[in-house]
Protein chains: 2
Amino acid sequence: MKSPRQGITSTDVARRAGVSQSAVSRTFTVGASVAPETRRKVLEAARDLGYRPNAIARSLITNRSRMIGVVMAYLENQFYPGVLETLASRLQERGYQVLLFTGFKDRNSDPVYEQVMQYQVDGLFLASTTLSSGLSGECAAAGIPIVLFNRTTESAQTSSVTTNNREGGRKIADFLVAGGHERYAFVAGVADSSTNRDRETGFCEGLEKHGINEIIRVAGQYSMPAAADAARRLFSRSERPDAIFVANDHMAIAVMDVARYEFGLNIPEDVSIVGYDDVGPARWPGYQITSYSQPLDAMVDASVTILMDQIDQNKVSSIHTVIDAELIVRESARKPDHGLQSRNGQLVWTG
Amino acid sequence: MKSPRQGITSTDVARRAGVSQSAVSRTFTVGASVAPETRRKVLEAARDLGYRPNAIARSLITNRSRMIGVVMAYLENQFYPGVLETLASRLQERGYQVLLFTGFKDRNSDPVYEQVMQYQVDGLFLASTTLSSGLSGECAAAGIPIVLFNRTTESAQTSSVTTNNREGGRKIADFLVAGGHERYAFVAGVADSSTNRDRETGFCEGLEKHGINEIIRVAGQYSMPAAADAARRLFSRSERPDAIFVANDHMAIAVMDVARYEFGLNIPEDVSIVGYDDVGPARWPGYQITSYSQPLDAMVDASVTILMDQIDQNKVSSIHTVIDAELIVRESARKPDHGLQSRNGQLVWTG
DNA sequence: ATCTTCATTGCATTCGTATGCAAATATGTA
DNA sequence: TACATATTTGCATACGAATGCAATGAAGAT
């Protein structure tokens with residue numbers, strides 16, 4: 001039981017070291033002019049007192065909080081915790097912190113919006129389908145760089161990092177056609193998300209190119225229960241599809257489980273399933289999902305680069321980075337007899 | 001392309017509204033004395049200018065950042081993203097933000113430690129096995145309340161929230177014995193984590209009570225690959241165990257996969273597996289893990305309460321909250337013919 | 001010894017908001 | 001109307017660190 005609650009300030013250190021507060025500040029500022037002897041005295045005093053620079057006070061005067069706002073509506077889809085982890089890691093390497101906004105699935109997201117603006121974040125990493133539009137306008141006006149992660153928009157003042165979702169959809173179509181399927185289905189994510197739209201467009205384009213014009217489309221809302229429902233509808237049809245592209249792995253898992261445990265189907269003998277993201281469970285022996293891999297590290301690096309550049313140059317611009325990705329072939333879909341290639345231990349579809 | 005980068009301040013608003021800066025501040029401070037008419041003028045001016053209070057500046061003067069530092073070494077175990085999501089949600093409801101520290105699996109955690117201290121967090125939520133000891137001492141000295149989540153310690157100045165891990169271990173022992181097993185094994189987490197230690201102790205106690213003194217112990221390090229290795233060792237023994245308690249579900253999944261796909265074992269016919277946490281995948285049809293459920297919401301609520309109380313009272317104390325939990329019975333372990341009870345749609349072991 | 005040059009240092013101010021205090025105004029009472 | 005009381009307001013200052021500017025001192029050049 002104690003309650004000091006008032007910290008050691010640079011002035012305290014200065015007094016003990018017998019120098020001015022400025023000298024203390026300069027000691028903790030890289031590139032500032034301090035004599036070696038002064039620095040030594042300051043560091044000693046600082047150590048004795050247990051001094052740490054107050055990041056809040058620094059932020060006020062420098063007008064830089066060194067915090068990046070990270071907005072992720074939910075973390076249930078395993079893809080996002082992974083993103084968060086590497087993102088935090090990369091940012092911390094550069095001396096930036098993560099101010100996290102998440103868990104507002106159902107609640108109103110207005111407060112989030114207010115908080116983001118009040119905390120003077122230096123940049124914003126948006127990985128949430130909702131509220132992208134509102135925030136981006138306001139931030140652009142405030143000169144705060146934004147990067148949309150795994151989604152994009154036409155807005156002139158936000159940047160984005162995605163994989164080539166449209167090409168991904170196309171390649172998946174090619175792959176499934178090469179596997180010799182007959183009835184194709186698509187389990188969609190949230191309809192108005194750019195990512196879902198592009199994957200769907202690409203998939204349809206790809207199938208049409210092969211003369212396939214009938215695609216059964218069901219909505220999975222990027223959620224497991226919704227995807228499971230969608231799967232039930234699919235498998236209850238008289239003409240059951242034998243090739244299903246599910247807009248992400250998170251939903252694909254639900255679809256596979258319904259296929260196996262509710263309809264007794266064998267995968268891939270009875271039905272082929274292809275996912276997107278290549279999340280952890282996709283690699284588990286029970287799933288082995290053939291999935292379009294989103295290279296997480298590269299995507300995060302690209303995002304961080306965009307943010308840092310704009311912060312350093314103090315100007316907001318609109319950069320859209322599209323990362324190359326591959327279709328990793330595992331066991332959840334029938335394999336074509338050509339176009340497969342082994343690349344560092346993984347089988348890849350090269351068409 | 002633009003670069004304003006200088007915000008609207010309370011003084012700007014004051015000028016436009018024809019009042020003092022104090023009046024503006026008071027308008028945005030709950031409970032402060034402002035005449036309705038003044039407030040109206042201020043709010044109007046604020047809206048016109050797009051003013052938002054600067055949380056950084058406020059923190060400096062109030063000596064409260066309204067940020068809680070959250071330290072989670074890694075998010076791979078699905079339990080933690082769930083915790084993070086509800087925690088962020090609860091904190092935001094109370095006007096607190098989450099400053100997240102994660103992704104330092106391999107890297108040195110010293111910098112993390114420095115950052116936490118510099119950012120003047122009002123409290124600290126520690127869900128990381130490592131670095132708990134170092135941080136807790138320093139924070140206690142600085143008067144910052146800490147709560148250890150899902151781990152505990154004897155330190156007089158930190159609080160903790162856990163389930164009754166020891167009793168959990170005991171109940172699992174009872175359950176497995178009631179199921180009529182013969183050879184028992186334990187797949188451990190990180191050896192020196194309090195959580196693992198308690199679960200193990202309870203499990204051994206429970207078995208001994210039934211006269212079982214031989215338990216095969218292998219180390220899983222709370223990681224899937226390590227747990228898979230551990231499982232391989234277990235199943236390669238001449239006398240294969242038929243009852244395994246795995247210290248958490250994350251590892252249990254790996255153990256089950258190895259059992260099924262590498263050793264062709266049937267679960268629970270050939271081997272019973274019990275996990276801990278009751279994470280999302282434990283409920284997937286392919287796993288259906290019998291697992292000791294950690295009530296996430298209750299644990300988070302308890303943690304938040306502890307932190308908020310101590311922040312409000314401005315004193316650090318040591319509170320250890322132990323939450324009641326239950327063994328949820330599913331299909332990964334042979335079921336006893338007694339002691340089971342259905343409770344809101346789930347089967348629970350009541351011994 | 002005198003003058004330049006350059007590195008260090010301290011002073012004073014600044015960032016944007018909150019708040020104690022005293023002044024000013026409004027409200028109620030006799 | 002005069003006075004007491006309650007409410008509202010602005011002034012001035014504080015929070016902790018960074019930084020432009022001028023002063024100081026040391027080193028080097030002549």
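Just the heavy atoms: all of them, side chains too, but no hydrogens, waters or symmetry mates, feed the values below. Throughout, protein chains are lettered first and strands after them, A, B, ... in sequence-line order, and every chain is numbered starting at 1. Predicted model only: the values in this text are computed from it and were never measured.
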Keeping to residues at least two apart or across chains, list the ring pair (Phe, Tyr, Trp, His ring centres under 6.0 Å) pairs with something in residues 80-100 of chain B.
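Found none.
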Would you mind listing every ring pair (Phe, Tyr, Trp, His ring centres under 6.0 Å) that reaches into residues 299-318 of chain A, with sequence neighbours excluded?
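Matches after skipping sequence neighbours: none remain.
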Tell me, please, which residues at least two apart from B:Gln310 pass side chain to side chain donor-acceptor pair (under 3.5 Å).
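B:Gln310 satisfies side chain to side chain donor-acceptor pair (under 3.5 Å) with B:Ser159 only.
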With sequence neighbours left out, write down each residue that passes side chain to side chain donor-acceptor pair (under 3.5 Å) with A:Glu44, or none if nothing qualifies.
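Side chain to side chain donor-acceptor pair (under 3.5 Å) list for A:Glu44, sorted by chain: A:Arg40.
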Starting from [atom2] on [N], measure out to [atom1] on [X] and report it in whole angstrom.
X	N	atom1	atom2	value
B:Leu60	D:dA18	CG	P	12 Å
B:Ile61	D:dA17	CD1	P	14 Å
A:Gln118	C:dG16	CD	C1'	13 Å
A:Asn63	C:dT13	CG	P	22 Å
B:Arg64	D:dG16	CZ	P	13 Å

Got a list of side-chain donor-acceptor pairs under 3.5 Å for residues 298-308 of chain B, not counting sequence neighbours?
from: B:Asp301; atom 1: OD1; to: B:Arg90; atom 2: NE; distance (Å): 3.1
from: B:Ser303; atom 1: OG; to: B:Met299; atom 2: O; distance (Å): 2.8
from: B:Thr305; atom 1: OG1; to: B:Asp301; atom 2: O; distance (Å): 2.8

Among C:dT19, D:dA18, C:dT17, which nucleotide sits nearest the side chain of B:Thr9?
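Among C:dT19, D:dA18, C:dT17, the one nearest the side chain of B:Thr9 is C:dT17.
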List in chain and number order the residues that pass salt bridge (Lys or Arg N to Asp or Glu O under 4.0 Å) with B:Asp12, two or more places apart in sequence or in another chain; answer none if no residue qualifies.
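Result, salt bridge (Lys or Arg N to Asp or Glu O under 4.0 Å) vs B:Asp12: B:Arg15.
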Listed partners of B:Asp297 passing salt bridge (Lys or Arg N to Asp or Glu O under 4.0 Å), at least two apart
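Testing B:Asp297 for salt bridge (Lys or Arg N to Asp or Glu O under 4.0 Å), a comparison that skips the adjacent residues, returns none.
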Treating primed atoms plus P, OP1 and OP2 as sugar-phosphate and everything else as base, which nucleotides of nucleotides 6-12 of chain C get B, S or - for protein heavy atoms under 4.0 Å?
--BBBBB
Between C:dA18 and B:Ser25, is there an OP1 or OP2 to side-chain N/O distance shorter than 4.0 Å?
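Answer yes for this pair, as a side-chain N or O of B:Ser25 is under 4.0 Å from OP1 or OP2.
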Among residues 50-57 of chain B, which contact DNA chain D at a heavy-atom distance under 4.0 Å?
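The stretch gives none, as no residue of it lies under 4.0 Å from the strand.
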Quick check: do A:Val70 and A:Phe101 have side-chain heavy atoms less than 4.5 Å from each other?
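Answer no - side chains too far apart.
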Could you tell me which residues satisfy side chain to side chain contact (heavy atoms under 4.5 Å, CB included) with B:Ser10, sequence neighbours excluded, listed by chain and number?
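Residues passing side chain to side chain contact (heavy atoms under 4.5 Å, CB included) with B:Ser10: B:Gln21, B:Val24, B:Tyr51.
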Where at least one partner belongs to residues 66-88 of chain B, residue pairs that pass salt bridge (Lys or Arg N to Asp or Glu O under 4.0 Å), sequence neighbours excluded:
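Checked against salt bridge (Lys or Arg N to Asp or Glu O under 4.0 Å) - neighbours excluded - the pairs reaching residues 66-88 of chain B are A:Lys105-B:Glu85.
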Whenever both distances are under 3.5 Å in a Watson-Crick or G-U wobble pair, mark it; put DNA chain D into dot-bracket that way, with [ ] for crossing pairs and | when the partner is on another strand.
||||||||||||||||||||||||||||||
Indicate whether any N or O donor in one side chain lies under 3.5 Å from an N or O acceptor in the other, for A:Gln97 and B:Gln115.
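Yes.
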